[in-house]
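Numbers restart at 1 for each chain; the letters A, B, ... are given by sequence-line order, proteins then strands.
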Protein chains: 2
Amino acid sequence: MDLDLRKLRYFVTVADRLHFGRAADELHIAQPVLSRQIRALEQDLGASLFTRDRHGVELTDAGRQLLADAGPLLASTHAVRRRVSAAARGNRRLMVGFRAGIPVMPAARAFEDRHPDVVVDVQRIEGDNQAAMLLDGRVDVGYVRLPIDEAGLRVTPLYTEPRVAVLPAGHRFADKEEVTEADLAGEPLVWHGDPSTQPTKRPHPNAGYPVRGVDETLEHVAAGRGISFLARSASVFYSHPDVVYVPIPELAPDQVCLAVAASHTSLVVDDFVTAAQSTAEITAECGNYEMWQRGGDAVTRHA
Amino acid sequence: MDLDLRKLRYFVTVADRLHFGRAADELHIAQPVLSRQIRALEQDLGASLFTRDRHGVELTDAGRQLLADAGPLLASTHAVRRRVSAAARGNRRLMVGFRAGIPVMPAARAFEDRHPDVVVDVQRIEGDNQAAMLLDGRVDVGYVRLPIDEAGLRVTPLYTEPRVAVLPAGHRFADKEEVTEADLAGEPLVWHGDPSTQPTKRPHPNAGYPVRGVDETLEHVAAGRGISFLARSASVFYSHPDVVYVPIPELAPDQVCLAVAASHTSLVVDDFVTAAQSTAEITAECGNYEMWQRGGDAVTRHA
DNA sequence: CCCGGTGATGCCTTCAGGGTATCACCACAG
DNA sequence: CTGTGGTGATACCCTGAAGGCATCACCGGG
């Protein structure tokens, strides 16, 4: 009758490993049990999920579909647990995640004016975990930068901001007023995020070094392992003696959005989204936040 | 460990009825079983969900949070079942839902050019079921009209279109070129949708008659039970001898969006969204779809 | 003070989920 | 050609949770 989430979790493990024995090992159950559970799941769904021919387990079309759906589904069950526990503790906290350089406090203050009983917590998130943090409920709402996997999320565009190139101090373009993408073509790239989550979408197809967070980016660039790109506002908060920032106006601007887990039904969250939208308009248009207005053109709001 | 969806479904029933005995009856299980299952769920979540004091069961804060989350979660499990079954049948179909008057075929044709192997099915949806149809997978993608409960959905705005007032033939404004909201203030309203799903958000707070679909709306208006409002394009497809349409330019325009279940991860769906966005731009701007470009006053009237 | 209706408890049965031992199959080394 | 290692499937048993039935504890209204 109801989908069995335990079997679904087992399925995900088998689908990842494509090996019953090792999957069972990881799940700390015996292999025969796993075989039976998967078969039961197949019977329940009325579809075979794996082809077990000689030497090798392979996903069927149905299996691929289930694997694609299972992740968000399991994540949202975890999110439900978190939210219920929070509500049971008489939760008056809202966890707001943000990528480096995005100002959270204006929206938080506007929000706390309307909800004096709710405490806003803020927490840094990174490109490689921003979606997961939202999906499993570790943050209620997140200021994210594109690209992001929208599956399971409600994503509201806020504004865009130009990007800067991050170059080692001795770089041949380090003294330029600005650079173009063509100038830097062929340079090895220090890219932001885990290669398994965002293998495409990087500005250059070059091999390079995967990093987490702005600090690591700066260290790698300073060490001469490559160059990188940052949203301009992020560059304001981080500096390194052996690194320089050079505007690269040609590069597509960084898009800042507000994201909420699609399963997250809460008036409090909705109110924060509203507050964030109006304060984003103010920061973008009036520039009462210094770093937005630093040099160059004002940040443009994204339609 | 894993959330138990059976218990969750039981919980939803109890939370709806606020009565263990009747909930058990509806679930076709014995009442003691239900009591134990709910208690087990409370223990599993580490939170009490109901206050069972004398004469009445009441939801706690945690229970309200769980009730809000449980619906989308259970719906998405049904959606997963549907999608897996579809994939197992070697599904090459895409079910597209649409509200009355929204042209689907341009996007469907553009989509089928890119996916000759996929058959696009279209299906009418209504304001009171548009979200549910998407959430439980009965349609893969939906052309919806706002307002819609965005929980569990990814909603992409497409365009807006003006609305018309729907008046009985003998109405005092039936011969006007256009009317304003103030003109019609105080008129009883035939509103679209189930009162439990959209009790707010109607243009007027008047009492009125809930209906499903455009046909019923016209019947009620023709019978003199009230007036109503429609997107202009919807009015093109439906006529009634005793009903006239009058433009009401002042009223906020109807917003047409494309919605997808947030849990629905599929390249095919993403491609349809892309196709819909570009064709929406074309229909809105170039007017190769007649009814979109009809001049504001060219709305059809029926004496 | 009893009575009807509520949800909770106690006890039993059934069956799904877990374990161990083993089989059937196949590639490959000797 | 045959043994061997490694794969997933099958057989069989045990435990615990879900279900049913009977009953209790509680409380408001005659």
Side-chain angles (χ1 to χ4, degrees), chain A residues 1-60 62-64 66-67 70 73-74 77 81, chain B residues 1-60 62-64 66-67 70 74 77 81 88:
Chain A
M1 180 77 197
D2 300 293
L3 199 57
D4 187 334
L5 294 183
R6 177 190 287 137
K7 294 193 182 74
L8 194 59
R9 186 163 50 86
Y10 290 176
F11 163 79
V12 171
T13 306
V14 176
D16 280 344
R17 310 283 149 138
L18 291 177
H19 192 292
F20 280 74
R22 279 189 272 279
D25 197 37
E26 175 172 333
L27 291 166
H28 302 109
I29 59 174
Q31 168 265 317
V33 177
L34 187 54
S35 287
R36 257 190 331 204
Q37 295 289 67
I38 296 296
R39 206 162 271 291
L41 180 61
E42 287 176 317
Q43 201 158 10
D44 176 43
L45 292 172
S48 80
L49 301 169
F50 297 102
T51 57
R52 301 102 152 147
D53 47 8
R54 54 197 163 282
H55 274 259
V57 176
E58 202 67 34
L59 279 168
T60 63
R64 267 184 291 275
L66 185 61
L67 181 59
L73 189 63
L74 292 172
T77 66
R81 290 192 102 91
Chain B
M1 180 78 198
D2 299 294
L3 199 56
D4 188 333
L5 293 183
R6 178 192 286 135
K7 294 194 183 76
L8 194 59
R9 186 164 50 85
Y10 289 177
F11 163 79
V12 170
T13 307
V14 177
D16 280 344
R17 310 284 149 139
L18 291 177
H19 192 292
F20 279 74
R22 279 189 271 279
D25 197 36
E26 176 172 332
L27 291 166
H28 302 110
I29 59 174
Q31 168 266 317
V33 178
L34 186 56
S35 287
R36 261 183 325 200
Q37 295 290 69
I38 296 296
R39 207 162 269 292
L41 180 62
E42 288 176 316
Q43 202 158 11
D44 175 43
L45 293 173
S48 81
L49 301 169
F50 297 102
T51 58
R52 301 102 152 148
D53 47 9
R54 52 194 168 282
H55 272 261
V57 176
E58 203 65 35
L59 280 167
T60 63
R64 267 184 290 276
L66 185 61
L67 181 60
L74 292 172
T77 67
R81 290 193 102 90

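Under the salt bridge (Lys or Arg N to Asp or Glu O under 4.0 Å) criterion, E26(B) pairs with R17(B), sequence neighbours left out. Listed by chain and residue number, H19(A) satisfy the side chain to side chain donor-acceptor pair (under 3.5 Å) test with R22(A) (two or more places apart in sequence, or in another chain). Listed by chain and residue number, F11(B), F50(B), L59(B), L67(B) satisfy the side-chain contact (heavy atoms from CB on, under 4.5 Å) test with A15(B) (two or more places apart in sequence, or in another chain). The side chain to side chain donor-acceptor pair (under 3.5 Å) search around D16(B) returns none, not counting sequence neighbours.
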Hey, can you pull the donor-acceptor pairs under 3.5 Å for the side chains in residues 29-41 of chain A, sequence neighbours left out?
unit_1	atom_1	unit_2	atom_2	d
Q31(A)	NE2	S35(A)	OG	3.1

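In this entry the distance linking CG of L34(A) with C1' of dT20(C) reads 16 Å, nearest Å. If you measure from atom CG of L18(A) to atom P of dT7(D), you get 13 Å, rounded to the nearest angstrom. The distance from atom CD of E58(B) to atom P of dT6(C) is 16 Å, rounded to the nearest whole Å. Taking atom CZ of residue R22(A) and atom P of nucleotide dG6(D), one finds them 10 Å apart after rounding to whole Å. As rounded to whole Å, 15 Å separates atom C1' of dA8(C) from atom CD of Q43(B). Here dA9(D) presents its P atom at 13 Å from CG of L41(A), a figure rounded to the nearest Å. Taking atom CG of D2(A) as the reference point, atom C1' of dA16(C) lies 15 Å away to the nearest angstrom. Going from atom CD of E42(B) over to atom C1' of dG7(C) covers 12 Å, rounded to whole Å.
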| task | Could you give me the CA-CA distance, side-chain angles and deciding distance for D44(A) and L3(A), then say whether side chain to side chain contact (heavy atoms under 4.5 Å, CB included) is met? | result | CA-CA 8 Å; D44(A) 176 43; L3(A) 199 57; 4.1 Å; yes
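Contact between the side-chain N/O atoms of R39(A) and the OP1/OP2 oxygens of dA9(D) is found at a separation under 4.0 Å. Here H19(B) reaches the OP1 or OP2 of dG7(C): one of its side-chain N or O atoms lies under 4.0 Å away. Between S35(B) and dG7(C), a side-chain N or O to OP1/OP2 separation shorter than 4.0 Å is absent.
In summary, of the residues considered (R81(B), R9(B), R6(B)), a side-chain hydrogen bond (donor to acceptor under 3.5 Å, both in side chains) with D2(A) occurs for R9(B) alone.
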| request: Let me have a per-nucleotide readout for nucleotides 13-26 of chain D, 5' to 3', with B, S or -, counting only protein heavy atoms under 4.0 Å. | output: -----SBBBB----
